[in-house]
Novice: 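Dropping a structure here in structure tokens format, bear with me for questions.
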Amino acid sequence: MSEVLVLIDHVDGAVRKPTYELLTIAKRLGEPSAVFIGPAARAGGADGVTEKVKQYGAEKVYVVDDAQIKGYLVAPKAEVLQQIAAQALGNGGLAAILIPSSAEGKEIGARLAIKIESGLITDAVDVTADGVATQSVFAGNFTLTGKVTKGTPIITVKPNSAAPEESAGAGAVVEFAATISDAAKKAQIVASQPRQATGRPELTEAAIVVSGGRGTGGNFEPVEALADALGAAVGASRAAVDSGWMPHSFQVGQTGKTVSPQLYVANGISGAIQHRAGMQTSKTIVAVNKDEEAPIFELVDFGVVGDLHTVLPAATEQIVKRK
Ligand code: FAD
């Protein structure tokens, strides 16, 4: 069976959840090979990384454990992937290359596509066994399915596009000696500011997102309490952000972040098209709104007509009780 390369999403060796989702999708397409581009400074080093990814079916783990790579922007990673792709092609075929759909991942994908003269699909929310990728485009107004027809398909996949499924892979480590050109080392990172720790998952990666809109009246406490009871990230509509109730980094929608969680709970949000654009690919959508005519109810799986200041504390209490 041909290999499917999966670029591991990690922070200094701590593997992030989108990696397991990509490995799960990779199993549909061929034999998953995880690619680690270092440094593996945390969570048990490269061995720790291998242990994690083999639990999700990685048959092979290409390891480039290089402390220098952290100091550069994306170009070296694209070069490393190009070299690993060439080796995999020679070994017995390469069915696809899957990359997390972050800003960095999309740039790596684009650079790689040029280098290996392959087609690229970005921001996929699903990929079938025959390589057909689904995208949500034009502010969510269209669902597009497409397939790469030239070269090895390169697909960047959005977080939460698949539920990670555990399966034992061999996890055979291939220490890969990559060469990085001087040209790729030209852009270096001079400073980076880590995200402030909130104890909540990152909005775009969270399996559950609980959002609040203008209907909160600026009181996000019930929204945050429900989010914490569910282990969810907190999101907001633009009206809530423009009112100064939440920072822009919380905004979901066309001019904010796109989320695709297993569960999205919209509270006091009317469901304007620009908000939908950022959340309508969520697997299950629940809304709480006091107006039964609110457009958000057109796309929900479950709707509660009521005042969020009453409904949310009651729901939170029940959830906490059942834990
Ligand atoms: P509203 O539309 O005012 O809705 C508030 C809702 O709360 C109402 O349905 C009301 O019935 C309900 N409500 C009130 N009180 C309660 C209560 N106590 N309990 C329960 N329900 C209650 N919007 C985004 O969200 N994200 C974007 O990225 C975005 N980008 C945009 C880009 C452009 C170019 C433009 C023009 C607009 C954009 N917008 C975006 C704005 C968008 O059009 C809407 O104005 C916005 O989403 C409305 O936010 P809202 O639903 O919180 O507020």
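These figures come from a predicted structure and were not determined experimentally. Residue numbers count from 1 along this sequence. Just follow the structure's listing: the first ligand is 1, and inside any ligand the first atom is 1.
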Novice: Where the closest heavy atom to atom 42 (C) of ligand 1 is concerned, which of Gln274, Arg214, Arg238 has it?
Specialist: Gln274

Novice: I need the nearest protein heavy-atom contact for atom 19 (N) of ligand 1: residue, atom name and distance, please.
Specialist: Leu308 N, 2.9 Å

Novice: Polar contacts were defined as any N/O atom of the residue lying under 3.5 Å from an N/O atom of the ligand; does this apply to Ala240 and ligand 1?
Specialist: no

Novice: Among Gly278, Ser237, Gly217, which one puts a heavy atom closest to atom 50 (P) of ligand 1?
Specialist: Ser237

Novice: In ligand 1, which numbered atoms sit nearer than 4.0 Å to a non-hydrogen atom of Gly256?
Specialist: 28 (O)

Novice: Can you give me the closest heavy-atom contact between Val15 and Lys52, atom names plus distance?
Specialist: CG2-CB, 4.3 Å

Novice: Given Ala239, Gly306, Pro295, Ser211, identify the one with the heavy atom nearest to atom 49 (O) of ligand 1.
Specialist: Ala239

Novice: Please give me the minimum heavy-atom distance between Ser161 and Lys283, naming the atom from each residue.
Specialist: CA-NZ, 4.2 Å

Novice: Ignoring angles and geometry beyond distance, decide whether Gly268 reaches within less than 3.5 Å of ligand 1 through its nitrogen or oxygen atoms.
Specialist: yes

Novice: Would you say atom 45 (O) of ligand 1 has a protein heavy atom nearer than 4.0 Å?
Specialist: no

Novice: Looking at side-chain heavy atoms only, is the closest gap between His10 and Val49 below 4.5 Å?
Specialist: no

Novice: If hydrogens are left out, which of Lys257, His275, Gln251, Arg276 has an atom nearest to atom 27 (C) of ligand 1, that is, the closest non-hydrogen atom?
Specialist: Gln251

Novice: With the 4.5 Å side-chain cut-off for hydrophobic clustering, are Ile180 and Val174 part of the same group?
Specialist: yes

Novice: I want to know if ligand 1 touches Ala294 in the polar sense, i.e. an N/O pair below 3.5 angstrom.
Specialist: no

Novice: Looking at Lys77 and Glu107, is there a salt bridge between them, counting it only when a charged N and a carboxylate O are closer than 4.0 Å?
Specialist: no

Novice: Less than 4.5 Å apart, any side-chain heavy atom of Leu120 and any of Val148?
Specialist: no

Novice: Give a yes or no on whether Leu226 and Val320 share a hydrophobic cluster (residues Ile, Leu, Val, Met, Phe, Trp, Tyr; joining criterion: side-chain heavy atoms under 4.5 Å apart).
Specialist: no

Novice: Can you name the atoms of ligand 1, numbered from 1 with element, that are less than 4.0 Å from a heavy atom of Gln254?
Specialist: 27 (C), 28 (O)

Novice: Just say parallel, tilted or perpendicular for the rings of Phe176 and Tyr62, cut-offs at 30° and 60°.
Specialist: perpendicular

Novice: Please state which option from Pro222, Ser270, Gly271 has its nearest heavy atom closest to atom 51 (O) of ligand 1.
Specialist: Ser270

Novice: Which atoms of ligand 1 have any heavy atom of Ala272 under 4.0 Å away?
Specialist: 42 (C), 43 (O), 44 (C), 47 (O)

Novice: Of the side chain and backbone of Ile273, name the one, both, or neither that has a heavy atom under 4.0 Å from an atom of ligand 1.
Specialist: neither

Novice: Tell me: protein heavy atom nearest atom 30 (N) of ligand 1, and distance?
Specialist: Thr255 OG1, 2.6 Å

Novice: Side chains of Asp123 and Ser101: is there a donor and an acceptor less than 3.5 Å apart?
Specialist: yes

Novice: Looking only at the side chains, is there a donor atom on one of Tyr264 and Ser211 sitting less than 3.5 Å from an acceptor on the other?
Specialist: yes

Novice: With respect to Ser33, which candidate in Leu94, Val53, Leu5 satisfies the side chain to side chain contact (heavy atoms under 4.5 Å, CB included) definition?
Specialist: Leu5

Novice: In ligand 1, which numbered atoms sit nearer than 4.0 Å to a non-hydrogen atom of Val252?
Specialist: 24 (C), 25 (O), 26 (N), 27 (C), 28 (O)

Novice: Mark up the atoms of ligand 1 that fall under 4.0 Å of a heavy atom belonging to Asp307, in ascending order.
Specialist: 17 (C), 18 (N), 19 (N)

Novice: Ignoring hydrogens, just give me the one of Asn289, Thr216, Leu312 whose non-hydrogen atom is nearest atom 9 (O) of ligand 1.
Specialist: Asn289

Novice: Which of the atoms of ligand 1 are close to Lys290, meaning less than 4.0 Å from one of its heavy atoms?
Specialist: 14 (C), 15 (N), 16 (C), 17 (C), 20 (C), 21 (N), 22 (C)

Novice: Give the residue and atom name of whichever protein heavy atom lies nearest to atom 14 (C) of ligand 1, and the separation in Å to one decimal.
Specialist: Gly215 CA, 3.4 Å

Novice: Show which atoms of ligand 1 fall inside a sub-4.0 Å distance from at least one heavy-atom site of Gly253.
Specialist: 26 (N), 27 (C), 28 (O)

Novice: Does any non-hydrogen side-chain atom of Lys115 lie less than 4.5 Å from one of Glu79?
Specialist: yes

Novice: Can you list the atoms of ligand 1 that are under 4.0 Å from a heavy atom of Gly213?
Specialist: 52 (O)

Novice: Taking the side chain as every heavy atom from C-beta outward, state whether Val311 and Asn267 have any atom pair closer than 4.5 Å.
Specialist: no

